[in-house]
There are 2 protein chains.
Amino acid sequence: MINERMRALGAARSEIRELFEYAKARKAEIGEENVFDFSLGNPSVPCPDEVGASMTALLTECDSIDLHGYTSAQGDATVRAAIANHIKRTHGFDVSGDNLYMTVGAAAALTCSLTALVCPGEEVILLAPYFPEYRVFAERCGGVVREVKCTPDSFLPDISAIEAAINEKTAAIIVNSPNNPTGAVYSEEILSALSKVLKKSEEKYSRSIYLLADEPYRELVYDGVDVPYIPKLYHNTVVCYSYSKSLSIPGERIGYCLVSPRAKNAVDIYYAICGAGRALGFVCAPSLLQKILPSCIGKNSDIRVYDQNRQLLLTNLQEYGYEIVYPQGAFYLFVKAPGGDARVFSEMAKRHELMLVPSDSFGYRGYVRISYCVKTEQIKRALPAFRNLALEAGLIKR
Amino acid sequence: MINERMRALGAARSEIRELFEYAKARKAEIGEENVFDFSLGNPSVPCPDEVGASMTALLTECDSIDLHGYTSAQGDATVRAAIANHIKRTHGFDVSGDNLYMTVGAAAALTCSLTALVCPGEEVILLAPYFPEYRVFAERCGGVVREVKCTPDSFLPDISAIEAAINEKTAAIIVNSPNNPTGAVYSEEILSALSKVLKKSEEKYSRSIYLLADEPYRELVYDGVDVPYIPKLYHNTVVCYSYSKSLSIPGERIGYCLVSPRAKNAVDIYYAICGAGRALGFVCAPSLLQKILPSCIGKNSDIRVYDQNRQLLLTNLQEYGYEIVYPQGAFYLFVKAPGGDARVFSEMAKRHELMLVPSDSFGYRGYVRISYCVKTEQIKRALPAFRNLALEAGLIKR
């Protein structure tokens, strides 16, 4: 009598969560230091001091009725103006607070955007491998997922494959750069090529095709690589942003949708996102979390630990014979599963107490994802296990 | 090309919000003290000291990675255990943390429950007058709303009308006591009668009918009236609770779903709610807000001001000839519109600078709602305007 689709979604843990729970149980059995959990994308560096300082200041200085009261549904106007200014300063892209809709994190930004922009039966393009929840979000609002595989080895959008996948039902494409799970960062060149194909397709099918730019990892990049600002390259863009990773506050759920002012019917898109937020039950993003943002925007967590972890893993794993997609962003390594079956390899890794997520639920086979948002110490202790796994998998000889 | 239903929802402000915005503009014109805004249900008493104290303590004492990190999707286990204990102590009803799913407020609790329990095309019974967003929530997940009018004058559930409205497609009924907009509190007698009819109908149609108890106003009651605990009276109950009103923190968005352990297939219902939360993009309820609850549950805001406001309005408005539903809970008065047309009367009130919400969008005609969660001072200043309005409406003679 209940909604069976929802029951199944709730009963089936994601493959990521499943592995995390196994690691927890295993730690209780053989000791925390002997289990090497690389399953979850949970930030492992503290939030910048400004987060706590700003909360304390607000709690001390503000009237509690104002501080904890409802903000307007789209978010506090002062907060939205501060974010708009930061976008202008950082990206040289002119937006106002009226283009911003505050959300409880990037997941909510995506569900609000998809609910607003996708009509039942329309298609949503996902670039495989992709964050598994994209499929859940798109299907919940009646969308049909069309997977397009990224180019092998470099894991960049395959522009001609995307063009071939677009049809008269294509409503949206989700672009996630820096990417989960590959760590790839898309260049301006590739994004311009994507923009060109999307515009051409809009004309061909006389319809709008929305690019949803899921950007929780925007600030987590290495080697000084540039993350192009997609609204400058493609008009019909909605940026889905979260402070979860940049401020290391993933449990607090704060982010936004930015409807590009260059989008066709930008005001109607914005209204539709407001309507979706209302219908999904969001009311407003958490008030205190909104109000710390003017003091915290741009004060990012110190990501040097992630970079150190990345290099430590890259150097050693390559030495052990693993094939790795070279990652310039986020905090994931995407590693080829020797033998080709990711689930078999993940099980083999478990016997070495290494928790590596098989890529299958990301819509792609034959890889495992390593989340390196962990203490560097854990990586150092895990290296012998990675070596033994390489030996067992036949990547190197004893 | 966008979802037109969502655009319309976002573009059309609710009648409540429309009036609030008019009041704001009017205040700028003629001075704050000359406009009497009774439109919004925004708590006007401060939160208990424990809220700020507990936040400050957590910020000082906890590791920021733990404090602001993801909790499990259903909420922190310690927090859920504390709430379960409070329910046991307060209502003598045995639940565990595993029956609780933390949400970003009661609205999210309702959208998660409806998404979990209503299949497209099934019916949801709303007892008119009702909070207008119920319709938005029910229709968004494909439900069909069936309105059943409350009894005239007392505004209690009309049990035989409910029985007549139930059919083989009835999936759920939303019960809201203390009630928005009438302030009515349903007695154990009436709720038992409702339970009896629901059970009988479940047998008749061989299906489950879920009672969603929307209880943000549970602690806001006067005259020492009792608010029966519905899970004790009806098995298939999901309580949708929010701390917005009891702790005066409506902007912070924290609440829960309680799936009664007595519900048929309680575990499947719980899974379906988890699945709905996942598909709607909630991830987890805000972490800091969850973690203050063990120190704050039961430490409610001081509602004596609301009671004082209630009595001041009741006494005077009745003297001026207004007919009022006697309210024992929440912070609303439901007043009969002289002449019978609520919108006409609301416009007349606006000319006296009184902002009274017409009942039409609550699925009921001929009344206005007065939100008395305001400073008592505002009520005192508004009394002459209420008197002049009564004169103009012919309720009293000069």
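Chain A is the first sequence line, chain B the second, and so forth, proteins listed ahead of strands; every chain is numbered from 1.
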Name the region of [X], side chain, backbone, both or neither, that has any atom closer than 4.5 Å to a heavy atom of chain A.
X	result
B:Val267	neither
B:Gln290	neither
B:Tyr210	side chain
B:Ala279	both
B:Leu59	side chain
B:Glu122	side chain
B:Arg7	both
B:Thr103	neither
B:Ser206	backbone
B:Ala109	neither

Search all heavy atoms of [X] against all heavy atoms of [Y] and return the closest pair with its distance.
X	Y	result
B:Thr115	A:Met6	O-CG, 3.6 Å
B:Met55	A:Leu288	SD-CD2, 3.8 Å
A:Pro250	B:Gly69	CG-CA, 3.9 Å
B:Arg253	A:Tyr70	NH1-CE2, 3.8 Å
B:Val283	A:Ala107	CG2-CB, 3.5 Å
B:Ile2	A:Ala272	CD1-CB, 4.0 Å

In this structure, are over 12 heavy atoms from other groups packed under 6.0 Å from A:Lys169 atom NZ?
no
Are there over 12 heavy-atom neighbours, none belonging to B:Asp49, within less than 6.0 Å of that residue's CG?
no
Which of the residues [options] is involved in the greatest number of heavy-atom pairs with chain B at under 4.5 angstrom?
options	result
A:Glu252, A:Arg5, A:Glu139	A:Glu252
A:Leu289, A:Asp63, A:Ile209, A:Asp268	A:Asp268
A:Pro46, A:Cys119, A:Ala11	A:Ala11
A:Val136, A:Ile273, A:Leu110	A:Val136

A:Ala172 portion near chain B, given a 4.5 angstrom heavy-atom threshold:
neither
So what's closer than 4.5 Å to chain B heavy atoms on A:Glu133: side chain, backbone, both or neither?
side chain
Which one of [options] has the most heavy-atom pairs closer than 4.5 Å to chain A?
options	result
B:Lys264, B:Arg207, B:Arg17, B:Arg140	B:Arg140
B:Leu117, B:Thr71, B:Asn42, B:Asn265	B:Asn42
B:Pro43, B:Ala116, B:Ser244	B:Ala116
B:Ala106, B:Ser208, B:Gly52	B:Ser208

May I have the step-by-step check of side-chain contact (heavy atoms from CB on, under 4.5 Å) for B:His68 and A:Leu247, ending in yes or no?
CA-CA 10 Å; B:His68 303 302; A:Leu247 295 179; over 6 Å; no
Could you state the interatomic distance from OH (A:Tyr271) to CG (B:Leu9), rounded to the nearest 0.5 Å?
13.5 Å
Gap separating the CG atom of A:Leu280 from the SG atom of B:Cys141, nearest 0.5 angstrom:
10.0 Å
Look at the side chain of A:Ser64 and the backbone N and O of B:Cys47, then say whether any donor-acceptor pair between them is shorter than 3.5 Å.
yes
